[in-house]
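Here's the structure we're looking at; comments come further down.
So that the names make sense, note that chain A is the first sequence line, chain B the second, and so on, each numbered from 1. Side chains included, hydrogens not; waters and symmetry mates left out as well; all remaining heavy atoms used.
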Amino acid sequence: MTDKIRYGGDYNPEQWPREVWTEDHRLFGEAGIDTLTVGVFSWSLTQPAEDTYDFTVLDAVMDRAAAEGRSVCLATGTAALPPWLARKYPEVNRTDFEGRRHRYGQRHDFCPSSPAYRRLSTAVAARLAERYGNHPALLAWHVNNEYGGACYCDLCAEAFRAWLKARHTTLDALNDAWWTTFWSHRYTDWAEIEPPSALTEHWKGPDHTAFQGLTLDYRRFMTDALLGCFTAEKRAIRDHDPQTPVTTNMMGAYRPLDYHRWAPHLDFASWDNYPPLDAPPTRPALAHDLMRGLKDGAPFWLMEQTPSTTACRDVNPLRRPGELRLATWQAVAHGADAALYFQLRASRGACEKYHGAVIGHAGRADTRTFREVADLGRELADLGDLTLGARTPSRTALLFDWDSWWALEISDGPSRLVRYLDVVHAYYRAAREAGADVDVVPVTADLTPYDVVLAPALHLVKGDLAARLEEVAGRGGSVLATFLSARSDEHDRAFLTDLPGPLAPLLGIRIDEWDSRPWEVVQPVVLPDGPTAQARLVFELVQLRGAQPVAPYGADFYAGTPAVTRNRFGERGGEGWYVATALDQPGVDHVVRRVLARHHLIGPYADHPHVETATRVTEDGTPLLFLLNHARETARLTAHTTTTDLLTGKRVEAGSPLVLDPLGVVVLKPDDLQ
Amino acid sequence: MTDKIRYGGDYNPEQWPREVWTEDHRLFGEAGIDTLTVGVFSWSLTQPAEDTYDFTVLDAVMDRAAAEGRSVCLATGTAALPPWLARKYPEVNRTDFEGRRHRYGQRHDFCPSSPAYRRLSTAVAARLAERYGNHPALLAWHVNNEYGGACYCDLCAEAFRAWLKARHTTLDALNDAWWTTFWSHRYTDWAEIEPPSALTEHWKGPDHTAFQGLTLDYRRFMTDALLGCFTAEKRAIRDHDPQTPVTTNMMGAYRPLDYHRWAPHLDFASWDNYPPLDAPPTRPALAHDLMRGLKDGAPFWLMEQTPSTTACRDVNPLRRPGELRLATWQAVAHGADAALYFQLRASRGACEKYHGAVIGHAGRADTRTFREVADLGRELADLGDLTLGARTPSRTALLFDWDSWWALEISDGPSRLVRYLDVVHAYYRAAREAGADVDVVPVTADLTPYDVVLAPALHLVKGDLAARLEEVAGRGGSVLATFLSARSDEHDRAFLTDLPGPLAPLLGIRIDEWDSRPWEVVQPVVLPDGPTAQARLVFELVQLRGAQPVAPYGADFYAGTPAVTRNRFGERGGEGWYVATALDQPGVDHVVRRVLARHHLIGPYADHPHVETATRVTEDGTPLLFLLNHARETARLTAHTTTTDLLTGKRVEAGSPLVLDPLGVVVLKPDDLQ
Amino acid sequence: MTDKIRYGGDYNPEQWPREVWTEDHRLFGEAGIDTLTVGVFSWSLTQPAEDTYDFTVLDAVMDRAAAEGRSVCLATGTAALPPWLARKYPEVNRTDFEGRRHRYGQRHDFCPSSPAYRRLSTAVAARLAERYGNHPALLAWHVNNEYGGACYCDLCAEAFRAWLKARHTTLDALNDAWWTTFWSHRYTDWAEIEPPSALTEHWKGPDHTAFQGLTLDYRRFMTDALLGCFTAEKRAIRDHDPQTPVTTNMMGAYRPLDYHRWAPHLDFASWDNYPPLDAPPTRPALAHDLMRGLKDGAPFWLMEQTPSTTACRDVNPLRRPGELRLATWQAVAHGADAALYFQLRASRGACEKYHGAVIGHAGRADTRTFREVADLGRELADLGDLTLGARTPSRTALLFDWDSWWALEISDGPSRLVRYLDVVHAYYRAAREAGADVDVVPVTADLTPYDVVLAPALHLVKGDLAARLEEVAGRGGSVLATFLSARSDEHDRAFLTDLPGPLAPLLGIRIDEWDSRPWEVVQPVVLPDGPTAQARLVFELVQLRGAQPVAPYGADFYAGTPAVTRNRFGERGGEGWYVATALDQPGVDHVVRRVLARHHLIGPYADHPHVETATRVTEDGTPLLFLLNHARETARLTAHTTTTDLLTGKRVEAGSPLVLDPLGVVVLKPDDLQ
């Protein structure tokens with residue numbers, strides 16, 4: 001539907017007089033911007049009263065876009081309520097975790113169980129689809145915006161009970177799943193079940209619950225409840241527009257919503273990339289790969305990123321020269337077929353007025369930000385359609401599991417200091433910096449394409465996963481699990497077997513006990529032929545039951561017991577690896593590289609720690625190699641094959657120097673394929 | 001009622017199928033477990049609806065215990081509500097300090113003023129007593145569980161007003177006690193009085209109140225309200241079972257409840273020992289002695305401790321090899337006649353599933369934890385009944401006063417950084433490490449048995465206490481008080497005299513002013529023939545009015561004024577000591593040893609800082625000396641008398657080496673008495 | 001109305017029996033105390049029920065004061081409600097930011113929009129004025145006490161909407177001012193507008209709002225609502241007492257209330273001085289000058305300070321010997337015509353019982369505090385009326401703007417770490433330590449008297465201010481602005497021009513972008529002929545548009561771009577200075593001294609950093625120079641003119657040594673004028 005990587009961003013001309021629109025389009029032209037995300041927050045404008053729709057402004061925006069040759073990603077705008085709606089139907093305002101019914105304010109604050117919200121949000125979506133489904137500017141539908149949060153009102157309580165009936169069928173089954181005999185909680189009526197909140201099962205916030213089964217189910221329910229809002233709007237659109245693709249902008253590794261439950265309902269994935277402050281480049285890369293994994297590796301859209309600075313943080317650093325370009329190419333390298341900004345023109349008022357924009361308050365084209373955006377626009381235009389639809393040929397999978405994330409972080413014991421993302425990221429980073437492409441996939445994914453499966457902190461093991469992991473090792477592959485993996489079933493009930501539960505046979509170990517210590521306490525773990533790693537937080541005491549020790553703890557009463565093990569599994573040389581503690585990054589790197597090396601998955605530039613590599617294979621089979629230099633220094637590599645850099649047209653001979661500027665990027669196409 | 005130290009713990013077979021019960025009892029046999037705490041959270045099982053009781057499971061548990069020769073500490077189970085009760089009578093759910101009415105969830109969350117709760121909790125207690133009062137397995141009644149917290153609902157407000165009328169009789173008296181003319185608070189109607197909460201007199205949480213008198217009275221009222229729940233259940237039990245002893249498990253130095261108000265109503269004291277992380281061994285020892293002090297020195301039960309690890313903390317370390325044994329013998333050394341665990345079998349689900357258990361999820365006997373538990377079971381069995389009923393012959397008393405604790409920590413000024421327990425513990429620790437047995441007693445205790453009375457941070461001085469302390473010194477004893485002692489009366493009204501108020505004559509000093517500084521500011525205090533101590537937080541400026549200076553401040557404008565004083569009092573060489581600032585531990589040690597030395601109360605092993613000593617005198621008068629080596633190194637002492645170690649049967653000659661293993665214990669019986 | 005600096009403080013004899021009153025007055029005599037603040041919290045006593053007034057006690061207090069020759073500053077007492085009132089009219093209790101309706105408790109907790117409160121508070125004020133308007137002891141009226149905080153109830157919501165209608169006239173104008181098209185907030189009915197709270201537009205507390213325009217207007221409204229309480233009481237007083245001056249005690253740089261909106265309604269300013277812990281002496285000085293600026297430089301009252309220690313802080317240090325005297329003379333040096341304490345006699349109970357008092361609980365005159373108070377009383381009496389009405393001849397103005405304070409600190413981006421007061425104080429301190437007298441004035445002040453105008457962190461530029469600042473430079477003066485100045489208009493809408501908005505022409509610069517970094521990140525800024533300053537938090541990237549660079553950034557990609565600039569403006573040598581980052585104090589000092597030096601405003605003792613200078617010119621034109629030595633060491637100066645110290649009578653020749661004791665004070669009167 002397009003002949004190049006889409007380029008543009010959020011655009012709110014309804015905030016401005018028409019003469020500004022003209023200036024906008026002129027500047028869009030200068031910057032190579034072809035795609036506008038429109039209408040994300042215009043509900044109050046398009047529907048100023050329950051019985052009144054007014055599309056005057058939106059018509060003009062759409063027509064003008066079409067006239068200028070630009071495409072529109074059209075939002076249904078249902079993420080921010082109009083004031084009249086919140087006043088007329090107070091039920092649409094959420095009740096928060098503290099039990100407080102909110103009143104009108106902010107955005108993303110609608111109750112997903114509210115009938116009024118459901119009726120009115122689908123109605124506006126239907127009206128928009130009816131009106132613009134065939135509009136020449138229409139490129140895609142953008143439902144709502146950054147779904148998230150949770151509601152704890154009585155309507156949600158009722159909906160939760162219905163959801164529970166569908167899931168557990170009987171109260172006996174639910175009592176058993178949640179282990180309610182503990183603390184006298186055996187329910188005798190569905191109506192007795194309350195949402196888990198500060199007024200019921202929680203203390204010290206959303207992560208401390210008396211009944212994990214209840215809290216897990218509520219998070220699943222809330223995921224589904226919000227998803228229900230999405231699918232209802234999508235259905236309303238489909239009634240009028242049977243084919244324009246529909247998406248909503250997700251938020252990468254966003255804990256509240258299990259996006260794997262959403263994935264089947266999206267026509268394509270899209271997400272907003274605002275990496276944590278000072279995060280290493282593998283952090284956004286992990287999110288890119290997670291988003292790519294939603295639709296089995298299909299390309300996604302980078303729906304938002306800032307051209308310069310955020311506003312919502314305590315400290316909002318400026319993107320340095322070159323950083324925007326590098327981040328954008330990183331998105332493309334990981335599977336993005338669109339690169340959009342929040343925002344094209346800065347808001348004059350309200351809480352995002354300091355959020356960076358392509359066009360600032362003074363409306364200038366001679367700012368550094370505008371120049372960088374425009375340069376990048378030209379570069380993307382020059383590349384054309386080559387990468388569109390290209391896929392990533394990974395032989396390494398990393399299992400990502402929202403249930404395990406939730407269960408691990410709501411667990412009382414052994415340690416509140418372990419954060420799921422930190423563990424997952426350490427293993428992802430190790431594999432990526434070793435040069436492996438990685439698919440970040442749900443635990444239900446088909447594992448047959450993979451030689452290596454990483455399962456860090458996989459707290460819950462559900463369904464037939466253990467068997468499928470054994471299959472991987474059975475055909476010669478490697479599986480790696482870590483401390484706090486395979487502890488509980490889908491209801492977070494402990495396995496009544498030796499640990500690590502259903503993975504014990506594959507891993508060849510048994511664990512009876514574990515120590516937990518504050519961050520300050522460091523255990524040395526001597527890795528043979530490797531560094532002495534620093535281990536922290538959790539120290540499981542592993543007994544060998546077939547596995548071989550790889551590296552022992554160096555201190556305390558369990559000095560000498562293994563901290564890392566490997567277990568030969570099956571007839572074809574497969575292995576099950578286990579890391580029983582939170583190793584530091586060098587330790588994780590060493591272990592992961594040993595596993596990858598077994599399958600020749602260490603990349604050619606793995607000794608350049610700041611140079612990221614990523615491969616996309618185009619629809620005609622051409623492998624494109626992206627090299628991204630995240631250092632502020634020049635990177636001097638030796639080319640391992642002969643290629644041409646698509647960004648400069650320069651040819652690079654195998655064996656000759658391959659030089660990457662500070663923050664530089666090359667996109668290499670094999671020469672013999674050119 | 002028993003011929004050995006009771007050994008066992010919390011047991012919840014209702015969570016498991018019958019085949020697990022059989023395995024349980026087999027393992028109990030291996031571990032020497034004779035006592036099972038049953039039914040703590042089984043209310044929803046025994047009363048699944050208001051009109052339905054079902055004792056099927058409990059009958060089977062009790063009968064099986066009896067059949068196996070085990071005793072049961074039977075809980076009334078009223079600490080965790082059944083769901084139907086909370087739904088049918090919403091009043092039973094507490095209203096919290098923030099004014100929020102809770103809904104069903106967690107445990108320990110019932111309103112003590114709720115008529116429905118009172119009626120139903122006493123009914124179930126009565127039914128249990130009626131059914132099991134004569135059961136052969138029944139050993140003791142365990143009412144509710146870990147009473148605590150507070151409620152602020154309208155029913156509690158009404159009950160509070162009634163309590164206040166009984167206490168103050170007239171509003172004039174109450175207005176005077178609370179000093180209500182300050183800030184225009186003179187009440188003209190009892191109904192105007194509100195519970196002190198975040199919505200009324202408090203800001204920044206429960207420790208910042210506009211009216212300390214009100215807040216103190218509410219804490220006393222809440223102590224009594226919860227006690228009322230206990231005594232109501234006990235009465236219900238007594239209607240059917242006139243003699244089986246009744247207890248409830250307390251929590252040691254637990255601030256919310258003044259256990260001294262509870263003590264007369266308990267048949268014996270029992271408590272759950274979960275020391276703070278990395279606390280020195282004197283911290284649980286202080287709690288043991290406080291619990292022993294509840295019933296005038298009678299033995300108590302250690303009702304709960306973990307065999308391996310807790311779950312509820314941010315970080316839950318594992319008990320190292322030997323630590324469980326050492327902690328258990330410490331309890332016995334301080335007066336425990338039972339040593340029970342939470343828990344015998346680990347819960348499969350919910351928030352305590354990672355809490356340590358004698359039997360883990362895999363049900364194994366070959367774990368380190370099970371082996372240590374079983375070894376200890378054998379050791380206790382070998383000791384037999386010798387220690388049962390034995391008492392501690394202390395000549396040192398430490399005054400512990402919940403009113404002072406509360407008053408000190410709700411005080412605006414001079415320093416929010418002073419924590420009552422820290423001050424009390426420092427003095428307790430000093431005396432204990434000097435080898436003195438210490439009774440931790442209420443301010444109303446008979447002081448005639450004591451040569452030394454320590455009164456650290458005794459903020460309030462009530463009743464005839466000052467006279468009784470003068471009596472101690474009058475007959476030649478020593479009294480030690482500290483900064484922030486004797487500031488106010490029982491209503492926390494300042495004494496209108498020189499400070500330290502009614503203790504000024506005994507101490508021979510006058511204090512007009514005091515400085516307070518952040519933790520970082522250190523005052524050197526040079527102790528003659530001792531260390532230069534570091535003083536912190538509060539610095540009172542002492543003027544001598546008869547007392548002699550012992551050690552001066554070394555800096556600031558009050559350099560040279562005394563930080564420690566002693567005052568000769570009476571004709572028999574008694575003394576009143578005063579420490580005007582928060583000395584560090586070496587400073588406190590030095591002062592306390594000087595006081596103890598006056599009465600020859602320094603123990604023979606006082607120069608071994610890690611070796612704890614404790615004496616219990618059996619009912620036939622035999623003094624047993626417990627030596628506990630808290631170090632991870634061997635302790636080499638020289639025996640000061642000839643004894644036999646009851647745990648090994650080895651004889652130790654006076655003057656010969658007495659060697660304690662790392663974390664080792666000996667229980668020495670004088671040889672001539674054997 | 002008085003022939004000396006008023007001396008005394010808060011006095012609550014209603015808490016005590018009559019014999020204590022006699023003792024009080026005896027001690028007042030010893031201490032030179034002539035003024036008593038009475039009745040601040042006696043509402044419940046004077047009006048024990050809605051229909052009952054009882055002035056027995058107050059009559060006695062007033063008559064006794066008159067009989068003893070003392071004056072009374074009589075409070076209306078409406079800051080703390082009587083219990084009956086809160087119970088009878090629950091609406092008077094505030095609803096807090098979290099949406100919780102409070103119940104009776106504390107003080108300063110009345111809803112400003114409550115009709116019952118308005119009616120009853122004005123009624124009691126009227127009764128007092130009627131009864132005591134002509135009383136011989138009456139000196140001044142003290143309405144309420146420390147107005148502050150905010151309410152969010154439905155009555156306030158209604159009043160807010162009415163206030164908004166008056167301000168914005170139409171919803172269209174309001175929608176435009178608040179930029180409501182952002183996030184779909186276009187209001188179609190005034191009733192849709194909710195107060196900005198935790199339940200509506202805010203998250204993470206009062207400083208994070210979705211709509212700054214709304215939050216700013218609510219703070220203005222709440223300022224006005226509380227002011228309405230004041231003016232209503234004042235009117236009630238004026239109905240009976242047409243001329244006794246009326247004030248209320250303010251709190252210096254108190255963020256919640258824009259005192260500049262209050263200033264016209266006060267007959268004189270008064271305030272309570274409790275400086276932050278360990279604040280440099282310029283911090284209370286800034287507040288003094290701010291308070292003096294409320295009434296165009298007229299003298300004010302120091303209504304409260306502690307004679308020794310506060311109570312409400314976590315740590316409450318003691319005033320060292322001499323500190324009270326120094327702080328009191330500092331107040332006089334900055335314009336105080338009264339020096340009053342909180343409190344004369346310590347409360348026996350409740351939360352301020354440890355707050356320092358002239359007379360402590362033991363009622364002694366031989367305490368250090370009493371002696372220092374009495375010595376100071378004598379000194380003030382000796383000085384007589386010389387300073388009364390004297391004014392400060394500043395040629396330097398510092399613009400202080402509550403709107404900018406609020407806007408800066410509720411802003412999302414660029415940095416939550418920038419605190420308005422910190423920035424303002426740094427510039428104020430630099431000027432003061434350079435020896436300049438400084439008027440701290442509102443942005444609407446007449447700027448014609450000033451050679452130098454400092455505008456630090458002036459986030460909003462409103463009305464004709466830019467033109468008036470250009471006028472200052474146009475006539476040869478200097479204007480200095482800083483980072484984050486001139487960003488937005490009065491509604492916090494960004495200027496749609498180059499930054500710094502309307503100040504850009506005066507400053508000769510343009511700013512497109514800015515970096516923000518955590519506190520740990522330091523930028524070196526090399527000041528020519530000065531120190532290398534450390535810059536932090538915000539780094540604006542300045543482009544020169546006529547200005548000259550003064551000092552460049554030393555690091556990062558913007559190394560070399562100017563951090564400080566100066567711009568020649570107009571024909572008469574005026575200059576506009578800009579500091580684009582948060583320099584450390586030495587950096588600010590250097591820049592400010594360069595600006596002051598242009599106008600010969602560096603004082604003669606500017607090289608004595610701990611010696612504060614301040615000038616007051618008496619009504620007959622005599623300039624009095626106060627020198628205050630804030631160091632604990634002796635200061636040795638050389639007198640620059642010949643003067644006599646009014647406190648000692650000693651003559652100091654020009655050129656001869658002028659010695660100030662540690663914490664010492666001299667008040668120098670030019671010799672030729674004597």
Check this for me: does any side-chain nitrogen of one of [X] and [Y] sit under 4.0 Å from a carboxylate oxygen of the other?
{"X": "Glu490(C)", "Y": "Arg167(C)", "result": "yes"}
{"X": "Glu323(A)", "Y": "Arg632(A)", "result": "yes"}
{"X": "Asp515(C)", "Y": "Arg320(A)", "result": "yes"}
{"X": "Asp401(C)", "Y": "Lys462(C)", "result": "yes"}

Any side-chain donor near an acceptor of the partner, [X] and [Y], under 3.5 Å:
{"X": "Asp512(C)", "Y": "Gln543(C)", "value": "yes"}
{"X": "Glu233(A)", "Y": "Thr78(A)", "value": "yes"}
{"X": "Asn249(A)", "Y": "Asn145(A)", "value": "yes"}
{"X": "Glu98(A)", "Y": "Tyr152(A)", "value": "no"}
{"X": "Thr215(C)", "Y": "Thr209(C)", "value": "yes"}
{"X": "Arg319(A)", "Y": "Ser308(A)", "value": "no"}
{"X": "Trp16(A)", "Y": "Asp24(A)", "value": "no"}
{"X": "Asp172(C)", "Y": "Thr170(C)", "value": "no"}

Side chain, backbone, both or neither: which part of [X] has an atom under 4.5 Å from a heavy atom of chain C?
{"X": "Arg94(A)", "answer": "neither"}
{"X": "Asn93(A)", "answer": "neither"}
{"X": "Asn12(A)", "answer": "neither"}
{"X": "Leu277(A)", "answer": "neither"}
{"X": "Thr367(A)", "answer": "both"}

When heavy-atom pairs shorter than 4.5 Å are enumerated against chain A, which of [options] gives the highest number?
{"options": "Thr200(C), Thr181(C), Val521(C), Asp489(C)", "result": "Thr200(C)"}
{"options": "His185(C), Arg487(C), Arg186(C), Arg100(C)", "result": "His185(C)"}
{"options": "Trp514(C), Phe211(C), Tyr558(C), Trp519(C)", "result": "Trp514(C)"}

Can you tell which of [options] has the highest number of heavy-atom pairs within less than 4.5 Å of chain C?
{"options": "Pro82(A), Ser347(A), Ala79(A)", "result": "Ser347(A)"}
{"options": "Ala346(A), Pro321(A), Ala86(A)", "result": "Pro321(A)"}
{"options": "Arg87(A), His102(A), Arg348(A)", "result": "Arg348(A)"}
{"options": "Lys88(A), Gln15(A), Arg313(A)", "result": "Gln15(A)"}
{"options": "Asp366(A), Val40(A), Thr309(A), Thr310(A)", "result": "Asp366(A)"}
{"options": "Pro317(A), Gly77(A), Ser42(A)", "result": "Pro317(A)"}

Measuring heavy-atom distances to chain A, does [X] have an atom under 4.5 Å in its side chain, in its backbone, in both, or in neither?
{"X": "Phe182(C)", "answer": "both"}
{"X": "Asp176(C)", "answer": "neither"}
{"X": "His202(C)", "answer": "backbone"}
{"X": "Thr180(C)", "answer": "neither"}
{"X": "Ala191(C)", "answer": "both"}
{"X": "Asp498(C)", "answer": "both"}
{"X": "Glu201(C)", "answer": "both"}
{"X": "Thr497(C)", "answer": "backbone"}

**OP:** Identify the heavy atoms of Trp183(C) and Ala80(A) that sit nearest to each other, and give their distance.
**Re:** O-CB, 3.6 Å

**OP:** Tabulate, in ascending numerical order, the residues of residues 352-363 of chain A having at least one heavy atom closer than 4.5 Å to a heavy atom of chain C, or enter 'none'.
**Re:** Glu352(A), Lys353(A), Tyr354(A), His361(A), Ala362(A)

Original post:
Would a distance-only check, ignoring hydrogens and angles, find a side-chain to backbone donor-acceptor pair under 3.5 Å from Asp492(C) to Ser488(C)?
Top reply: no

Subject >> Flag, side chain of Gln523(C) to backbone of Ala555(C), donor-acceptor distance under 3.5 Å >> reply: yes

**OP:** Return yes when atom CZ of Arg536(C) has more than 12 non-hydrogen atoms of other residues, nucleotides or ligands closer than 6.0 Å, and no otherwise.
**Re:** yes

**OP:** Scan Arg219(C), Arg416(C), Arg255(C) and name whichever one has a salt bridge (charged side-chain N to carboxylate O under 4.0 Å, His left out) with Glu409(C).
**Re:** Arg255(C)

